[in-house]
Amino acid sequence: MEEKFISRQTLNFLLFEMLEIQNLSKHEYFNEYNKEALDMVLGTANKMAVDLMRPVLREMDKNSPVYKNGDVHVHPAVRTFMKKCGEIGFISAHFPFDDGGQQLPYSIVAAFNYIFAAANYSLGVYPGLTSGAANLIITFGSNEMKKYYTPKMFSGEWQGTMALTEPGAGSSLSDIKTKAVATGEGFYFMKGQKIFISAGTHDGVDNVINLMLARVEGAPAGVKGISLFVVPKLRGDGQGGLVSNDVICAGIEHKLGYRGSPITQLSMGENDDCRGWLVGEEDKGLSYMFQMMNEERVNVGIGAAGIASAAYYDSLKYAEERAQGRPLNSKNPAEPQCAIINHPDVKRMLLFQKAVSEGSLSLALQVGKYIDMKHISSSEEIEKYDLLLEFLTPIAKSYPSENGILSTSAGLQILGGYGYCEDFNLELFFRDSRIHPIHEGTTGIQGQDILGRKSTMKKGRALELFINEIKKTISDAEKYTELEDYAAKLDQAVVDFEITVKHLLNVASKGDMEIFLADATLYLEMAGIITIAWQWLMQAECAVKQSIICDDESLKKFYSSKVHTMKFFFKYELTKIGTLSEILIDDEILTVGVDEGLFVD
């Protein structure tokens, strides 16, 4: 019997019952994808996950990439998987037909990325990075670039990356020093270093295409002087072949988890012959790169949700099989031991795992649907979905990332001592999950983004649209007696949130940005809890509605489990909103102006 790492039933419930993704096929852009076609895509992804990905999960963790003589050697499964993704069209899945893509709804792309992450996160990142890099070329690059690079990237023969971070410029991209010197021959000479580049070079593909930020010689200081370049590992020789492009791998990092994909250090121009090709216009590179960063932020959240799902099903299986102790009301020591799933505290931990993983998945698919709606909407509606995506992206990235760790930790706790050992996968999932709060902008940066920019953009319109979406769900849920109290609880949480926002914006109006943003991460946490509560109320409303017209008892139990998990989330998690609001409204700021000596013993 194959290991379970995701629930197709839950995935189908969210996609086809709650979000009704199949209705997209009524519109011309998606008219090739009815429910049957979408089911086939998900079935293919699941088969790849079971056949190609899950069997090498432990093997890739144990045999991490090897750096030798400037080359990076990865597990052979990488080349097999990339080739298969190219053949099936998964790398190009959401691109328009005109750009060589499959024009698949992004909500379905999010779903199969979730399946891949749950099966083997390290292996799943290779095609995702390539797709993101190709999207930058298609959106901002020249026709020549598109024709030359994207076919090989879509086929899985060439890897794509984004190369941002430098030794002296991590999150502070305004300080990057990689230099580009114009030649007047259509390319620039590149010189500099990049670090922490996922899949920056490896032998699982024939070439690696880096989308790299650099500063053109003489460009303005700060973010205004950053440009974007295509910097391949191997460049065309003008005769159909490839030659070295003076991009040298100086080493790879040895990581806590996520070990199946190399994190590389790249050095460009050591022999003064590294060539880069400008993407779009000079000095606009950071705005271009944010497109890929925002895509990858959503993908990070999807990956975190996938790992949390895998951890949940592993700990659930263990809890069902592990006999330990007796029911708390039992007074007979001769009574046989019971499976630990019968203990209330174990059920609490399992419910927490279920609430986090399925709530996070629900949000990822919701974001996917908003992306899809942009393809079939009027210009006014497109602006609405753009603003919703702006507000939700830092939440979709950070909530699954932070709570995925806590969820996986709860699963590890269920296994007890075995959870800490390599006999089971929980310790691997725990290590793998820790990268997500760091990847593509730390949680602290996401907090500053949502409070300092997203909550104020367009005069608060993004925030207003977000709250309107929640209130619509509240209104729908109020129609059902079983959900009335929970709709009221979310409504009160939204009121607390609005009061908190108003207070913080008043602080901002006084001009001290350090005080305003001091606890931005807590504001992000607050927004995240409300967002997942919204998703759970939406799930519960759909489940109650479906249960009324359902005669299948097993389906009724499935729907009932959604409502029960919603109730759990509201009792154990949504109640934190009041405390977070109190902290954020309190005028005593304990992290600003603190003498550094406080931390020195």
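- Side-chain contact check for Ile435 versus Lys255: every heavy-atom pair is 4.5 Å or farther apart.
- A 4.5 Å side-chain heavy-atom check between His439 and Ser401 finds every atom pair outside the cut-off.
- Here Phe30 contributes atom CZ and Asp372 contributes atom CG; the two are 4.0 Å apart, rounded to the nearest 0.5 Å.
- Sorted by first and then second residue, the ring-ring contact (aromatic ring centres under 6.0 Å, His included) pairs involving residues 56-85 (not counting sequence neighbours) are Phe81-Phe116.
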**Report entry** Test side chain to side chain contact (heavy atoms under 4.5 Å, CB included) applied to Thr44 and Phe112, step by step
**Finding:** CA-CA 9 Å; Thr44 300; Phe112 73 62; over 6 Å; no

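- Heavy-atom minimum distance, Leu363 versus Ala396: CD2-CA, 3.7 Å.
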Query raised in the report: Phe229 and Thr178: side chain to side chain contact (heavy atoms under 4.5 Å, CB included), yes or no, with the steps?
Result: CA-CA 11 Å; Phe229 297 86; Thr178 296; over 6 Å; no

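- A 4.5 Å side-chain heavy-atom check between Ser198 and Val125 finds every atom pair outside the cut-off.
- Proximity of a side-chain donor or acceptor of Asn245 to a complementary backbone N or O of Pro232 within less than 3.5 Å is detected.
- A heavy-atom distance below 4.5 Å is not found between the side chains of Thr139 and Tyr288.
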**Report entry** Criterion ring pair (Phe, Tyr, Trp, His ring centres under 6.0 Å) on Phe189 and Phe187, from CA distance to verdict
**Finding:** CA-CA 7 Å; Phe189 279 125; Phe187 63 85; 5.5 Å; yes

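- Of all heavy-atom pairs between Trp277 and Gly186, the closest is CD1-O, 3.2 Å.
- The two atoms that bring Leu365 and Ala110 nearest to each other are CD2-CB, 4.2 Å, heavy atoms only.
- Here the shortest heavy-atom pairing between Cys249 and Val72 reads SG-CG2, 3.8 Å.
- Without hydrogens or angle criteria, Thr264 side chain to Ile197 main chain gives a donor-acceptor distance under 3.5 Å.
- Taking CG from Asp273 and NZ from Lys191, the interatomic distance works out to 10.5 Å, rounded to the nearest 0.5 Å.
- A donor-acceptor pair under 3.5 Å links the side-chain atoms of Asp246 to the main chain of Asp272, judged by distance alone.
- Annotation: the span from Leu129 atom CG to Glu296 atom CD amounts to 5.5 Å, rounded to 0.5 Å.
- Salt-bridge check for Glu422 with Arg58: failed, with every basic side-chain N at 4.0 Å or more from each acidic carboxylate O.
- Around the OH atom of Tyr29, the shell of radius 6.0 Å holds more than 12 heavy atoms that belong to other residues, nucleotides or ligands.
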Query - Test side chain to side chain contact (heavy atoms under 4.5 Å, CB included) applied to Cys85 and Met48, step by step - result: CA-CA 9 Å; Cys85 284; Met48 285 179 64; 3.8 Å; yes

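- Exactly one of Asn210, Thr201, Thr130 qualifies for a side chain to side chain donor-acceptor pair (under 3.5 Å) with Thr161. That residue is Asn210.
- Note that the CD1 atom of Ile226 and the CG atom of Leu286 stand 5.0 Å from one another [nearest 0.5 Å].
- No side-chain heavy atom of Leu406 sits less than 4.5 Å from a side-chain heavy atom of Val356.
- In summary, the side chains of Ser377 and Tyr385 do not present any donor paired with an acceptor at a separation below 3.5 Å, with no hydrogens or angles considered.
- Judged as a side chain to side chain contact (heavy atoms under 4.5 Å, CB included), and not counting sequence neighbours, the contacts of Thr393 are Asn294, Arg297, Val298.
- Remark: of the listed residues Glu253, Lys194, Gln193, Glu253 is the sole one forming a side chain to side chain donor-acceptor pair (under 3.5 Å) with Gln265.
- Ile137 is listed as a side-chain neighbour of Leu211, based on a closest heavy-atom distance under 4.5 Å.
- Using modelled atom types, one side-chain atom of Lys397 and one backbone atom of His436 make a donor-acceptor pair closer than 3.5 Å.
- Once rounded to the nearest 0.5 Å, the distance linking CD1 of Ile371 with CD of Glu295 reads 7.5 Å.
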Report task. Go through the steps for Val231 and Cys274 under the test side chain to side chain contact (heavy atoms under 4.5 Å, CB included), then give the verdict. Result -> CA-CA 8 Å; Val231 183; Cys274 178; 3.7 Å; yes

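- A salt bridge between Lys152 and Asp206 is absent, with no side-chain N of the basic residue lying under 4.0 Å from a carboxylate O of the acidic one.
- When the side chain to side chain contact (heavy atoms under 4.5 Å, CB included) test is applied to Ile589, the partners found at least two apart in sequence or on another chain are Ile515, Ala518, Thr591, Val592.
- Under the 30°/60° scheme for interplanar angles, the aromatic rings of Tyr106 and His94 are found to stand perpendicular.
- Although no hydrogens or angles enter the test, the distance criterion places no donor-acceptor pair under 3.5 Å between the side chain of Arg259 and the main chain of Asp432.
- Under the 3.5 Å distance criterion, the side-chain polar atoms of Ser433 are matched with a main-chain donor or acceptor of Phe429.
- Within the 3.5 Å criterion, the main-chain N or O of Pro127 finds no donor-acceptor partner in the side chain of Ser131.
- When atom types are taken as modelled, the side chain of Lys84 and the backbone of Leu52 share no donor-acceptor pair closer than 3.5 angstrom.
- Side-chain contact between Arg54 and Asn425 is present, with at least one heavy-atom pair separated by less than 4.5 Å.
- Looking at residues two or more places apart in sequence or on another chain, you find a side chain to side chain contact (heavy atoms under 4.5 Å, CB included) between Lys458 and Glu383, Leu387, Arg461.
- In terms of the side chain to side chain contact (heavy atoms under 4.5 Å, CB included) criterion, residue partners of Glu282 (sequence neighbours excluded) are, by chain and number, Tyr188, Val216, Ser227, Leu278.
- Between Phe90 and Val41 the shortest side-chain heavy-atom distance falls below 4.5 Å.
- Remark: the backbone N or O of Val205 is paired with a side-chain donor or acceptor of Arg79 at under 3.5 angstrom.
- Minimum interatomic distance between Lys146 and Ile138 (heavy atoms only, all atoms of both residues): CE-O, 3.1 Å.
- Each side-chain hydrogen bond (donor to acceptor under 3.5 Å, both in side chains) pair with one or both residues in residues 95-104, not counting sequence neighbours, appears once here: Ser92-Gln102.
- Listed for the Gln446 side chain is a donor-acceptor partner under 3.5 Å among the backbone atoms of Gly441.
- Closest of all the heavy-atom pairs between Tyr126 and Pro262 is OH-CD, 3.2 Å.
- In this structure, the separation between CG on Leu123 and CE on Met82 is 9.5 Å, given to the nearest 0.5 Å.
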